[in-house]
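Have a look at the structure below before the remarks.
To find a chain, count down the sequence lines: A is the first, B the second, and so on, and within it residues start at 1.
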2 protein chains.
Amino acid sequence: MDLPNNTIDRVCRIFGCLESLEERQVDFVSSKDLAQAIGTTNDTIRKDISLLGVTGYTRKGYSVVSLKKELGQTLKLDKKRKACIVGLGRLGTALLDYERFKQDGFEIVAGFDNSINKLERIKTHIDVFAISEMENIIAQKSIELGIITVPANNAQEVADELIKAGVSGILNFSPEKIVVPKEIIYLDMDFTSALRFIAARFITNKLRKSRVA
Amino acid sequence: MDLPNNTIDRVCRIFGCLESLEERQVDFVSSKDLAQAIGTTNDTIRKDISLLGVTGYTRKGYSVVSLKKELGQTLKLDKKRKACIVGLGRLGTALLDYERFKQDGFEIVAGFDNSINKLERIKTHIDVFAISEMENIIAQKSIELGIITVPANNAQEVADELIKAGVSGILNFSPEKIVVPKEIIYLDMDFTSALRFIAARFITNKLRKSRVA
């Protein structure tokens, strides 16, 4: 199955919607409502879901429970995965105890930092280690995902060490772009890009409003 | 100019690339390199840039400085914008002092929280206020963007208050989806979705590798 990244992105967000619908005990959802929730068209939703080989659209819509189950199985989102956080500043420690991760199948099993001071003072129930122990711990705990929260100028170095230690995926919170080999799955969590994306839409939104008026 | 969200998203990321190229004093960049940096095709980059009415592709590629300037002017990314953060837990305080925001044209000018205790103890050079003062402060400081870092069960309430107070855009870090009127630009910064997006690509990546083998 060779899915375009855009489809994978949307299906992950559909999965998130289904999860919150399930929590609210909603039984059925239309493709239109899913489309609205993730900001795309009805047709795109149906196409994405059918690309995954999932059927089962009824007159009442998709069954929330079974669509979530099918999408989860197809993309292996139902598999529990272990992650670690490198860089225990304020952002890193905030993520260390971010409750949704575990609930959503991602378990943070280790935190790393170079500062002995930080490692000693930190208040968390997650095990924390010096960065020099990264390679051992990642192998020992079978950690698949590395989350980078170090300052920009250390991000590439940390990414290289994570990859050497054997992670398959990296989520980068540092504002610095990093370079990774093709087989590593990598995503930037770039706060400025997010604000820019909002600000850039102000202009098109305002143009649209003035055209309607 | 009625641009698709995907184009706006890509152009914002192109803008970010150009910014880091400019910092590294690179003069020219090819559409191919830009495509690789943001994970799309050469054709898509050229189409996006031409949709914005920007020309100027030379034999050496685009001029980094002038492409950045043109894209910035077209999407008004060169305009400085004021933002506030609601919810001063660990994530909120980490974002309060996130240095890249100001450098990238987004100035955090206020933080809000309901806990007097947090407001008194917080160490930051940004002004912090009780949530009850939000409406006044947002109007007084002409704040356009609201960043939500409160717990999930307060997110919708805070969003409603931000909108009532007059912000035009919301960046939501809480794991709860919120509902906003059509004229408000809204983006979820969903950490779990990001990890899911990486994990979901493991499977397609592995299939691709096994097919090649």
Side-chain angles (χ1 to χ4, degrees), chain A residues 1-3 5-6 8-9 11-13 15-17 20 37 39 74-77 79 81 83 89-91 93-95 97-98 100-101 104 106 144-145 147 152 168-171 175-177 183 185-187 189-205 207-209, chain B residues 1-3 5-6 8-9 11-13 15-17 20 37 39 74-77 79 81 83 89-91 93-95 97-98 100-101 104 106 144-145 147 152 168-171 175-177 183 185-187 189-205 207-209:
Chain A
M1 190 174 28
D2 217 354
L3 296 169
N5 283 344
N6 284 344
I8 295 180
D9 179 32
V11 173
C12 289
R13 286 190 289 143
F15 190 87
C17 288
S20 70
T74 313
L75 291 182
K76 293 238 194 299
L77 294 174
K79 189 176 173 240
R81 299 188 189 268
R90 279 191 290 186
L91 180 59
T93 50
L95 292 175
D97 293 323
Y98 186 70
R100 282 300 290 227
F101 281 150
D104 290 338
F106 297 97
E144 289 180 284
L145 293 155
I147 299 174
S168 314
I170 289 179
L171 182 59
E176 186 66 28
K177 300 265 175 301
E183 67 274 17
I185 311 290
Y186 161 63
L187 192 67
M189 206 65 182
D190 184 338
F191 299 154
T192 300
S193 284
L195 286 181
R196 269 196 195 127
F197 179 65
I198 294 175
R201 283 168 67 197
F202 284 168
I203 173 93
T204 61
N205 210 37
L207 284 169
R208 198 173 305 138
K209 269 191 278 178
Chain B
M1 190 176 25
D2 216 353
L3 296 167
N5 282 343
N6 285 343
I8 296 181
D9 179 32
V11 172
C12 289
R13 287 189 288 143
F15 189 87
C17 288
S20 69
T74 313
L75 290 183
K76 294 239 194 301
L77 294 175
K79 189 177 174 238
R81 298 190 189 265
R90 281 191 288 185
L91 179 60
T93 50
L95 292 175
D97 293 323
Y98 186 69
R100 281 300 290 227
F101 281 150
D104 291 338
F106 297 97
E144 287 180 286
L145 292 155
I147 299 175
S168 313
I170 290 179
L171 183 59
E176 186 67 27
K177 301 267 174 301
E183 67 274 17
I185 310 290
Y186 161 64
L187 191 67
M189 207 64 182
D190 185 338
F191 299 155
T192 300
S193 284
L195 286 181
R196 269 196 195 127
F197 180 65
I198 294 176
R201 282 169 67 198
F202 284 168
I203 173 91
T204 60
N205 211 36
L207 284 170
R208 198 175 303 138
K209 270 190 276 179

Candidate pair B:R196 and A:F106, rule side chain to side chain contact (heavy atoms under 4.5 Å, CB included), full reasoning: CA-CA 9 Å; B:R196 269 196 195 127; A:F106 297 97; 3.8 Å; yes
Portion of A:F191 that has a non-hydrogen atom of chain B nearer than 4.5 angstrom: both
Interface moiety of A:L145 toward chain B, non-hydrogen atoms closer than 4.5 Å: side chain
Ionic contact status for A:E144 with A:K79, cut-off 4.0 Å: yes
Option in B:A83, B:G89, B:A194, B:S193 with maximal non-hydrogen atom pairs under 4.5 Å from chain A: B:A194
Toward chain B, the part of A:Y98 with a non-hydrogen atom under 4.5 Å: side chain
Heavy-atom pair count under 4.5 Å with chain B, highest-scoring of A:L91, A:I8, A:N6: A:I8
Residue B:I170 versus chain A: region with a heavy atom under 4.5 Å: backbone
Taking every non-hydrogen atom, the tightest pair across A:L195 and B:F101: CD1-CE2, 3.5 Å
Salt-bridge contact A:R90-B:D97 (side-chain N to carboxylate O under 4.0 Å): yes
CZ on B:R201 to CG on A:L187, rounded to 0.5 Å: 7.5 Å
Separation of A:M189 CE from A:L95 CG (nearest 0.5 Å): 9.0 Å
A:L77, part contacting chain B, at a heavy-atom distance under 4.5 Å: side chain
Leading residue by heavy atom contact count with chain A [cutoff under 4.5 Å; candidates B:D104, B:V11, B:I198]: B:I198
